[in-house]
Amino acid sequence: KERRKGEDDSRQPFTIKEVEALYTKIKGTDDLLANTVAIAAYTGMRAEEIAQIKVTDLFKEEGSYFIRVSRQATKTDAGVRVVPVHNDLEPLVLRLKEATTTEYLLDYQTHSRIGKRSVLLVTRFSKVKRSMGFPSTKTFHSFRHTLTTQLERASIPENVAADIVGHAK
């Protein structure tokens, strides 16, 4: 179902405890998915944006790492942005960069008929979250809502939060 601008978004954020439970359930059994969940939780990036991160999109400036999100990877003009890499996420991102054998940070093959690298990841995530009893209102996209909630609670100015998650101002 298509949503119209201003329409209520029925997706709900995960709580921090729910994010931790999901990550714990996935870690060790599906490291690719666990890495994807970690990146989503710390950055609020959409699934396809994460799947499209190329090694060349990761850069360091003034002592901090960032991920460049290109127009090709995102669905909106506002989505073109530079996302800071949280200090807790940095070791994972650097490890993935060193380990990849492809141009992508997440090293896996996809055979999606619709041309999206994220289909495999979202499908696997959906199976796990359903097996844990999460409602349909909690989706992979809910990580974006979780991050925006955390930014709001940390009193991050709305314009800065919008820049991080790629929302129009």
Side-chain angles (χ1 to χ4, degrees), residues 1 3 6-53 57-58 64-67 69 73-76 78-79 81-97 99 104-108 110 116-168:
K1 175 187 167 195
R3 292 183 223 281
E7 220 176 81
D8 181 39
D9 188 344
S10 62
R11 289 177 282 213
Q12 298 175 326
F14 291 108
T15 66
I16 298 304
K17 286 189 183 289
E18 289 172 335
V19 172
E20 290 169 351
L22 281 160
Y23 184 79
T24 299
K25 171 89 172 171
I26 297 166
K27 184 70 178 151
T29 60
D30 189 341
D31 286 340
L32 173 64
L33 185 56
N35 296 339
T36 305
V37 165
I39 294 169
Y42 278 104
T43 66
M45 292 173 70
R46 295 175 178 92
E48 188 62 19
E49 293 171 346
I50 294 168
Q52 290 287 340
I53 299 170
D57 294 329
L58 183 65
S64 298
Y65 282 93
F66 297 88
I67 298 168
V69 181
T74 190
K75 66 180 201 171
T76 66
R81 65 198 187 278
V82 173
V83 179
V85 175
H86 190 281
N87 291 341
D88 291 345
L89 184 62
E90 187 178 306
L92 169 65
V93 170
L94 294 177
R95 190 174 74 247
L96 292 171
K97 179 182 177 184
Y104 296 101
L105 191 65
L106 295 177
D107 190 352
Y108 70 97
T110 182
K116 290 190 173 190
R117 290 190 85 235
S118 62
V119 172
L120 169 80
L121 302 169
V122 173
T123 301
R124 283 157 62 168
F125 175 76
S126 294
K127 288 178 184 175
V128 171
K129 67 114 184 167
R130 275 195 308 271
S131 77
M132 294 176 69
F134 285 102
S136 62
T137 54
K138 298 207 176 185
T139 66
F140 191 90
H141 196 82
S142 294
F143 289 115
R144 289 176 60 75
H145 295 276
T146 302
L147 182 71
T148 57
T149 299
Q150 293 306 306
L151 293 173
E152 187 177 311
R153 288 178 180 164
S155 299
I156 302 300
E158 193 173 338
N159 64 322
V160 174
D163 285 344
I164 292 171
V165 297
H167 284 164

Of all heavy-atom pairs between [X] and [Y], which one has the smallest distance, and what is that distance?
{"X": "Ala78", "Y": "Ala168", "answer": "CB-N, 3.5 Å"}
{"X": "Ala99", "Y": "Asp107", "answer": "O-OD2, 4.0 Å"}
{"X": "Gly44", "Y": "Leu147", "answer": "N-CD2, 3.4 Å"}
{"X": "Ala51", "Y": "Leu121", "answer": "CB-CD1, 4.2 Å"}
{"X": "Thr43", "Y": "Pro84", "answer": "CG2-O, 4.4 Å"}
{"X": "Leu106", "Y": "Arg117", "answer": "O-NH2, 3.3 Å"}

[X] versus [Y]: any side-chain heavy-atom pair under 4.5 Å?
{"X": "Thr36", "Y": "Phe140", "result": "yes"}
{"X": "Leu96", "Y": "Ile39", "result": "yes"}
{"X": "Leu58", "Y": "Ile53", "result": "no"}
{"X": "Lys116", "Y": "Val119", "result": "yes"}
{"X": "Met45", "Y": "Gln52", "result": "no"}
{"X": "Ile50", "Y": "Ile67", "result": "no"}
{"X": "Arg11", "Y": "Thr137", "result": "no"}
{"X": "Val83", "Y": "Glu49", "result": "no"}

Output the distance between atom [atom1] ([X]) and atom [atom2] ([Y]), rounded to the nearest 0.5 Å.
{"X": "Thr146", "Y": "Leu151", "atom1": "OG1", "atom2": "CG", "value": "11.0 Å"}
{"X": "Leu94", "Y": "Leu105", "atom1": "CG", "atom2": "CG", "value": "9.0 Å"}
{"X": "Arg46", "Y": "Thr74", "atom1": "CZ", "atom2": "OG1", "value": "4.5 Å"}

Side-chain (Arg130) to main-chain (Val128) donor-acceptor, under 3.5 angstrom: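 Looks like no, no N/O pair under 3.5 Å.
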Under 3.5 Å donor-acceptor, Tyr65 side chain and Leu89 backbone: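 Side chain of Tyr65 to backbone of Leu89: no pair is present.
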Counterpart residues, side-chain contact (heavy atoms from CB on, under 4.5 Å), relative to Lys138 (two or more places apart): Gln12, Phe14, Glu18, Phe134, Pro135, Ser142
Salt-bridge present (Lys97, Glu90; N to O < 4.0 Å):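 A salt bridge is absent here (no side-chain N lies under 4.0 Å from a carboxylate O).
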Ring-ring centroid check Tyr42 Phe143, cutoff 6.0 Å: no
Side-chain donor-acceptor pairs under 3.5 Å in residues 19-30, sequence neighbours left out?
from  : atom 1 : to     : atom 2 : distance (Å)
Thr24 : OG1    : Glu20  : O      : 2.8
Thr29 : OG1    : Ile26  : O      : 2.8
Asp30 : OD1    : Leu33  : N      : 3.1
Asp30 : OD1    : Arg124 : NH2    : 2.6
Asp30 : OD2    : Arg124 : NE     : 2.9
Asp30 : OD2    : Arg124 : NH2    : 3.0

